[in-house]
Visitor: 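Below you'll find the structure I mean.
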Amino acid sequence: MSGPILQAALDLIELSRAVQIGREAIQGGADWIEAGTPLIKSEGMNAVRRLKEEFPDTIIVADMKIADTGTLEVEMAAKAGADVVCVLAGADDSVISEAVRAGHLYGVKIMADLINVKEPLKRAQEVEALGVDIIAAHVGIDQQMKGKNSLDLLSEIAGKVNIPIGAAGGLNAQTAGEAVLAGADILLVGSSITKAADVAAAARNVRNSIDKPGIKKSGKADINDEIRALFLEVSAPNITDAMHRKGAMSGLISICGDVKMVGRAVTVETVAGDWAKPVEAIDVAQRGDVIVINNGRATHVAPWGELATHSCLNKGISGIVIDGSVRDVDDIKKLGLPVFATATSPNAGEPKGFGEIGTEIKCCGESVRPGDWIIGDESGVVVVPKERAYEIAKRALEVKKHENRVREEIKRGSTLSVVMELVKWEKK
Ligand SMILES: O=C(CO)[C@H](O)[C@H](O)COP(=O)(O)O
């Protein structure tokens, strides 16, 4: 191998889309094309066969993730046209040895994938001794969503095995270059290329980063800053999609229309029209927080209005959510701070002081605890449990990327049902 190799991983389930995306990835500078595991599960060896037919001069990698029957599965992939076949490094030695023997027999290289291996360096050296050709330092997609990093895994094994190392798992135009500097010979890139609207441009960006790796990014951002930035990039619908269609509050309207709100919850429980605790919460909240008020969905009286909203602006509060009414709508619109409510009413209540700030509440059908993340836009408001915030934000970004590519394919003249092969994938 000369120079780092860019392997574009086609992790889709629709073969015709995969072929087109593969074509664009090659135009952008991908050297190898991978039939991703979802594609192989969806289309079987036909996926490998078709990719080889379409791209006869390109190395085709079959990401079989072989766990058993090493010989049979390598044979299948090789006969379908694969040049490299992936086996799980965590599989039993007998499986790896059989895969290696079959690789020799059918003239294909064996790549051992370290995904989920407990002692990666030890296992990398063992599978090297068993004869595999390539080691993949791979952090899986679900693991990436929880913050696991393929560069850490790569650093652990780089320089300690004598066969080429592939790096895989969430690489992009920044981190692919970092992976080269950390010792990767093959850069396996999926989502950053294949979900881009302009696949060729995305591949080119990664290619440039591989060919001219820049300086390693220093330091890590604060996790909450990272989560906020991720949530600002995506929509409320992207987030509920990432949560398996859960987390949406019901019945809220955005008073200021097209606004975006992201922040951590300061919760308020109170009774209809009692505005003492809601307004006191402004002084409790920190810059960037969202005040979430359960006012019993009262429609006849509002615990919130323009003066409270104005105070929030002074404190840098990100927005307000009220299971209940709001008034001074025209003035709030002028202020532009995101306010979401279930109703409007000109009646003010009384500042009696019932209820409390900072306890778990129910708001618009959802439980909200202090510190949970609240994201709102014109489609509505979603609550994300604080423990899962990073993971959901990452998953939501993947949803958005996927939609970017689907949108591009629709723009080229297709329809949503055709792109998604809806009829084929209806539940049987
Ligand atoms: O094998 C895979 C998942 O198991 C992927 O192909 C690999 O992780 C690369 O994709 P991405 O860049 O999206 O992580």
Side-chain angles (χ1 to χ4, degrees), residues 4-15 17-18 21-22 25 28-43 47-48 51 59-67 73 77 82 84-91 110-117 120 134-154 165-180 182 184-196 199 202-203 205-207 209-210 230 242 391 393-405:
I5 286 168
L6 172 55
Q7 173 176 326
L10 304 174
D11 290 315
L12 309 96
I13 59 172
E14 306 90 357
L15 183 52
R17 295 186 62 218
I21 289 171
D31 304 292
W32 293 5
I33 290 294
E34 173 192 311
T37 314
L39 186 62
I40 288 176
K41 289 194 173 169
S42 164
E43 296 283 346
V48 178
L51 290 173
I59 298 286
I60 302 296
V61 180
D63 188 4
M64 305 280 284
K65 292 196 173 66
I66 296 173
E73 296 200 12
V84 179
V85 182
C86 302
V87 57
L88 290 175
I110 302 299
M111 181 187 288
D113 181 342
L114 286 170
I115 189 170
N116 216 22
V117 164
I134 302 163
I135 300 276
H138 179 203
V139 166
I141 291 168
D142 285 333
Q143 296 172 311
Q144 293 164 33
M145 301 301 133
K146 299 212 156 196
K148 234 181 143 188
N149 186 334
S150 50
L151 291 174
D152 295 340
L153 177 59
L154 172 66
I165 302 177
L171 294 180
N172 55 36
Q174 168 68 35
T175 51
E178 292 179 26
V180 171
D185 304 289
I186 304 165
L187 293 305
L188 293 80
V189 183
S191 154
S192 303
I193 291 179
T194 58
K195 290 183 182 167
V199 166
N205 285 340
V206 177
R207 174 88 262 163
S209 146
I210 292 172
L230 285 165
E391 177 198 349
K394 292 278 284 184
R395 288 190 188 281
L397 190 58
E398 290 304 308
V399 171
K400 179 179 171 166
K401 285 197 226 163
H402 170 70
E403 290 190 354
N404 286 345
R405 178 64 196 183

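Along the sequence shown, residues are numbered consecutively beginning with 1. Order of listing sets the numbers, starting from 1, for every ligand and every atom in it. Quick note: numbers below take in every heavy atom, side chains included, and nothing from hydrogens, waters or symmetry partners. Not measured: the values here are computed from a predicted model.
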Visitor: Work out which heavy atom in Val180 is nearest to a heavy atom in Leu187; give both atom names and the distance.
Guide: CG2-CD2, 3.7 Å

Visitor: Answer with yes or no whether Gly170 contacts ligand 1, where contact means a heavy atom under 4.0 Å from a ligand atom.
Guide: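 Heavy atoms of Gly170 do come under 4.0 Å of ligand 1.
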
Visitor: Flag the pair Asp31 and Arg207 as a salt bridge only when some basic side-chain nitrogen lies within less than 4.0 angstrom of an acidic carboxylate oxygen.
Guide: yes

Visitor: Can Ser192 be said to touch ligand 1, with heavy atoms closer than 4.0 Å?
Guide: no

Visitor: Please work out which of His138, Gln144, Glu398, Lys401 has its closest non-hydrogen atom nearest to atom 2 (C) of ligand 1.
Guide: His138

Visitor: Sort out for me which residue in Leu188, Asp63, Val87 forms a side-chain contact (heavy atoms from CB on, under 4.5 Å) with Met111.
Guide: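 The residue from Leu188, Asp63, Val87 that satisfies side-chain contact (heavy atoms from CB on, under 4.5 Å) with Met111 turns out to be Leu188.
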
Visitor: With a cut-off of 4.0 Å, which atoms of ligand 1 are near a heavy atom of Lys65?
Guide: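 Heavy-atom distances to Lys65 below 4.0 Å select 1 (O), 2 (C), 3 (C), 4 (O).
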
Visitor: Does the residue Ile141 have a heavy-atom contact with ligand 1, meaning some pair of atoms that are separated by less than 4.0 Å?
Guide: yes

Visitor: When only distance counts, is Asp63 in polar contact with ligand 1, meaning an N/O pair under 3.5 Å?
Guide: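 N/O-N/O distance under 3.5 Å: yes.
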
Visitor: Output, in order, the C-alpha distance, side-chain angles, deciding distance and verdict of side chain to side chain contact (heavy atoms under 4.5 Å, CB included) for Lys65 and Leu88.
Guide: CA-CA 5 Å; Lys65 292 196 173 66; Leu88 290 175; 3.9 Å; yes

Visitor: Among protein heavy atoms, which lies nearest atom 5 (C) of ligand 1, and at what distance?
Guide: Asp11 OD2, 3.0 Å

Visitor: Looking only at protein heavy atoms, identify the closest one to atom 9 (C) of ligand 1 and say how far it is in Å.
Guide: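 Protein heavy atom at minimum distance: Gly190 N, 3.8 Å.
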
Visitor: Taking 4.0 angstrom as the limit and counting only heavy atoms of Glu34, give me the atoms of ligand 1 inside it, by number and element.
Guide: 6 (O)

Visitor: If every non-hydrogen atom of Ile193 is compared with every non-hydrogen atom of Ala25, which pair is closest and at what distance?
Guide: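 Where Ile193 meets Ala25 most closely, the heavy atoms are CG2-CB, 4.2 Å.
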
Visitor: Please identify each residue that fulfils side-chain hydrogen bond (donor to acceptor under 3.5 Å, both in side chains) with Lys401, with sequence neighbours left out.
Guide: Ser191, Glu398

Visitor: Contact between Glu34 and Asp11 at the side-chain level, heavy atoms closer than 4.5 Å - yes or no?
Guide: yes

Visitor: Mind checking whether Ser191 has an N or O less than 3.5 Å away from an N or O of ligand 1?
Guide: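 Right, the criterion is met.
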
Visitor: Can you sort out which atoms of ligand 1 are near Ala9, meaning under 4.0 Å from one of its heavy atoms?
Guide: 6 (O)

Visitor: Just distances here: any N/O of Ile115 and N/O of ligand 1 closer than 3.5 Å?
Guide: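 No, Ile115 has no N/O under 3.5 Å of an N/O on ligand 1.
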
Visitor: Are Asp142 and Arg395 close enough for a salt bridge, meaning some N to O gap below 4.0 Å?
Guide: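 Yes.
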
